[in-house]
Student: 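One structure, pasted below without further comment.
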Amino acid sequence: MAPISSHQAGISHQELKEAIPESLLKKNVHLHWIDKSVAGDGIYTLLAKIEIDGQMLLLRSKTSDKLLINDWNVDNPTYHTNARLVALERILTDPANEDMLLSL
């Protein structure tokens with residue numbers, strides 16, 4: 001297995017490993033950050049800057065999931081849903097991103 005690392009606070013190495021599609025586990029993967037921005041009309045854009053085998057990617061996905069957005073800054077070790085991790089999983093499994101990731 002190739003190295004998997006992250007600068008994103010709140011996501012452990014093991015969580016990141018579980019969120020990454022199986023097809024990428026043999027590649028060097030480094031997550032730089034995950035963020036969100038308002039796209040308008042109750043829609044948010046989820047963004048992730050991720051490096052895969054030295055290739056820098058800025059991936060995005062749209063969501064209207066208010067619960068995910070409201071939980072974005074929850075900093076409680078007993079809270080079992082990490083919104084940034086859920087956002088990363090959604091970004092990586094977004095059909096618009098899956099084809100590109102599979103071609104790497």
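Keep in mind the model is a prediction, meaning the values are calculated, not measured.
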Student: Measure the shortest side-chain to side-chain distance between Leu92 and Asn97 over non-hydrogen atoms and say whether it is less than 4.5 angstrom.
Tutor: no

Student: Flag yes if Leu68 and Leu59 sit in one hydrophobic cluster, no otherwise; membership is Ile, Leu, Val, Met, Phe, Trp, Tyr, and two members link when side-chain heavy atoms are under 4.5 Å apart.
Tutor: yes

Student: Is there a path of hydrophobic side-chain contacts, each under 4.5 Å between heavy atoms, that joins Val86 and Ile43?
Tutor: no

Student: Supply the atom-to-atom distance Ser61 OG to Leu46 CG, rounded to the nearest 0.5 angstrom.
Tutor: 5.5 Å

Student: Would a distance-only check, ignoring hydrogens and angles, find a side-chain to backbone donor-acceptor pair under 3.5 Å from Arg84 to Trp72?
Tutor: yes

Student: So, for Asp65 and Leu67, which heavy atoms are closest and what is the spacing to 0.1 Å?
Tutor: OD1-N, 3.1 Å

Student: What I'd like to find out is whether the side chain of Ile4 reaches to under 4.5 Å of the side chain of Leu25, using heavy atoms alone.
Tutor: yes

Student: Say you draw a straight line from CG of Leu101 to CG of Asp94; how long is it, rounded to the nearest 0.5 Å?
Tutor: 10.0 Å

Student: Can you confirm whether Gln8 sits close enough to Leu85 that some side-chain heavy atom of one is under 4.5 Å from a side-chain heavy atom of the other?
Tutor: no

Student: Going hydrophobic residue to hydrophobic residue with side-chain gaps under 4.5 angstrom, can you get from Trp33 over to Val29?
Tutor: no

Student: Rounded to the nearest 0.5 Å, what separates atom CG in Leu16 from atom OG in Ser6?
Tutor: 5.5 Å

Student: Any chance you could measure Ile34, atom CD1, to Arg90, atom CZ, to the nearest 0.5 Å?
Tutor: 12.5 Å

Student: If we ignore hydrogens and angles and just use 3.5 Å, is the side chain of Lys17 paired with the main-chain N or O of Ser5 as donor and acceptor?
Tutor: no

Student: Check Lys36 against Ile69 and note the closest heavy-atom contact, atom names and distance.
Tutor: CD-CD1, 3.7 Å

Student: Please name the pair of heavy atoms, one in Glu89 and one in Ala19, separated by the smallest distance, quoted to 0.1 Å.
Tutor: CG-CB, 3.6 Å

Student: Distance check, rounded to the nearest 0.5 Å: Ile91 atom CD1 versus Ile50 atom CD1?
Tutor: 9.0 Å

Student: Can you tell me how far apart CG (Leu58) and CE (Met56) are? Round to the nearest 0.5 Å.
Tutor: 10.0 Å

Student: Please state whether the rings of His7 and His30 are parallel, tilted or perpendicular, taking 30° and 60° as the class boundaries.
Tutor: perpendicular

Student: Quick one: closest heavy-atom pair of Leu57 and Met100, and the distance?
Tutor: CD2-SD, 4.2 Å

Student: Could you give me the CA-CA distance, side-chain angles and deciding distance for Gln55 and Glu51, then say whether side chain to side chain donor-acceptor pair (under 3.5 Å) is met?
Tutor: CA-CA 5 Å; Gln55 185 173 352; Glu51 187 175 347; over 6 Å; no

Student: Donor-acceptor check, side chain of Asp53 to backbone of Lys27, threshold 3.5 angstrom: yes or no?
Tutor: no

